[in-house]
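The sequence lines fix the lettering, A, B, ..., with proteins before strands; numbering per chain opens at 1. Worth knowing before you read on, the calculation uses all heavy atoms, side chains too, and leaves out hydrogens, waters and symmetry mates.
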Number of protein chains: 2
Amino acid sequence: MAKETTTEKKVATATNAPHATRTTRADALRNEDALLEAAKVVFANVGVDAPVREIAAQAGVGVGTLYRRFPTRSDLVVGVFKREVDACAAEAPILANAHPPGEALSRWLKRYCQFIVTKKGLASALHSGDPAFDALPAYFRSNFEPALTDLLAAAAKAGEARHDVDAYDLLRAIGNLASTGGKDGPDGMEHTYRMLDLMIDGLRFGTSR
Amino acid sequence: MAKETTTEKKVATATNAPHATRTTRADALRNEDALLEAAKVVFANVGVDAPVREIAAQAGVGVGTLYRRFPTRSDLVVGVFKREVDACAAEAPILANAHPPGEALSRWLKRYCQFIVTKKGLASALHSGDPAFDALPAYFRSNFEPALTDLLAAAAKAGEARHDVDAYDLLRAIGNLASTGGKDGPDGMEHTYRMLDLMIDGLRFGTSR
DNA sequence: TGATAAACGGAACAATGTTCCGTATTTGGT
DNA sequence: ACCAAATACGGAACATTGTTCCGTTTATCA
């Protein structure tokens, strides 16, 4: 009933058999990681419709292994998406520690742009009607919104950003901005970054109000 | 070397052989029609991803027959889409003859709403990246815009609609309106029709200006 | 009516998602 | 260090499609 966290230790009740559970095997963990990494690469190169076999091959495992971890193609897509969301969101506090607030905000927004651009392929899959993807928008928001909220608050406190911008609005705005100006455009990403700088300047400018 | 166009008619020069070409066989025409009709039904029930075999079965033909007419799944989708566009656009002049201008306009817009709602499934396919669908938006517009323009002009001339509404804008507006309020909603289509009536009233009201 | 081009049906092929199971590896206790 | 059991692995086999091929049937037209 309660969801197990990654390592489920043996049940220590007195009466039970010698060993009720084991830890997840090391190779299993390694393979799960390899699969997600491989899927990320293959999805980027071939698209989200890439054959499962190809992903398994790239990860250096058999399809059986892939399917034990990700019972369905969709599960793999979801896995990659979440992992990327996690990775991107996790950079927010790191950047916040390593740079002054305004700089951290600016850097993270650029990083977010990259996320959006590389996930454009996945984005269309999201609207494909497969119920496996239903939870992703919420996951997206629940990870990114707090991350950006913190960055914004810190920057605002330091007088490096205005106070009246909502994190979610900003996520959407930049999301739209980045998803229309693809990375394959005439000046690839340059246009997107220029527009992003514009928005960031806008954030700073508002400070004086 | 030179690519043949679809129907290479007999060369009608005086000297040639008895019969260079024949007319398209009657059953072929019948089957093409049956296939489009079947596809329309199956797409509506199962979705645009319905198996080709199922469509062939519904049409009462073999898959071979289907593939001679529509060399690719996409071709079939395109065929159904165009046929529906044609059918809907063709009703405009008919309604214009059968009713006073304002009534004709109102009726056609309702018909257009139905088109949009039933084609929602196809709409997502349009954005799937398949280049076979690239021509459809233009086809959509080049058929509907003139049809609605005529209806609007007639209604405006009769004092039953304002003059300052662009046909394309109206198509888009109602398109958005109908595609968000699906037919499966709580009061199925009723909400959409109510909003449509609102817009039509708006068209009429502007008359007084 | 009969010769013939056109069209037909569906078996066969290819690509892909998914399942199954015999084999190999890891773990935990001794 | 060793062993037995649990766990995980690989990839063949299966199921479901899209697509092609070809022997058979049928409509056309002289």
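The side-chain hydrogen bond (donor to acceptor under 3.5 Å, both in side chains) search around Asp27(A) returns Arg25(A), not counting sequence neighbours.
Between Tyr139(B) and Phe81(B), a ring centre-to-centre spacing not shorter than 6.0 Å is recorded.
Listed by first then second residue, pairs satisfying salt bridge (Lys or Arg N to Asp or Glu O under 4.0 Å) with a partner in residues 59-76 of chain B number zero, not counting sequence neighbours.
A sub-4.0 Å separation between OP1 or OP2 of dC29(D) and a side-chain N or O of Thr23(B) is present. Note on Arg73(A): a side-chain N or O is less than 4.0 Å away from OP1 or OP2 of dG17(C).
Taking the side chain as every heavy atom from C-beta outward, Arg204(B) and Asp201(B) approach each other to under 4.5 Å.
Taking the six-membered ring for Trp and thresholds of 30 and 60 degrees, Phe144(A) and Phe115(A) have ring planes more than 60 degrees apart, a perpendicular arrangement.
Listed by residue number, the members of residues 64-72 of chain A with any heavy atom below 4.0 angstrom from DNA chain D are Gly64(A), Thr65(A), Arg68(A), Arg69(A). For residues 46-55 of chain A, proximity to DNA chain D is found at Arg53(A), defined as any non-hydrogen atom under 4.0 angstrom from a strand atom. Residues of residues 25-38 of chain B having a heavy atom closer than 4.0 Å to DNA chain C, listed by number: Arg25(B), Asp27(B), Ala28(B), Asn31(B).
Using modelled atom types, one finds no donor on one side chain facing an acceptor on the other under 3.5 Å when comparing Tyr112(A) with Glu91(A). A donor-acceptor pair shorter than 3.5 Å cannot be found between the side chains of Asn31(B) and Thr65(B).
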Could you list the donor-acceptor pairs under 3.5 angstrom formed by side chains in residues 34-46 of chain A, with sequence neighbours left out?
{"from": "Glu37(A)", "atom 1": "OE1", "to": "Arg83(A)", "atom 2": "NH1", "distance (Å)": "2.9"}
{"from": "Glu37(A)", "atom 1": "OE2", "to": "Lys40(A)", "atom 2": "NZ", "distance (Å)": "3.4"}

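With hydrogens and angles disregarded, no donor-acceptor distance shorter than 3.5 Å links the side chain of Trp108(A) to the backbone of Ala89(A).
Contact check on Glu190(A) versus Arg194(A) returns no salt bridge, with no Lys/Arg side-chain nitrogen under 4.0 Å from an Asp/Glu carboxylate oxygen.
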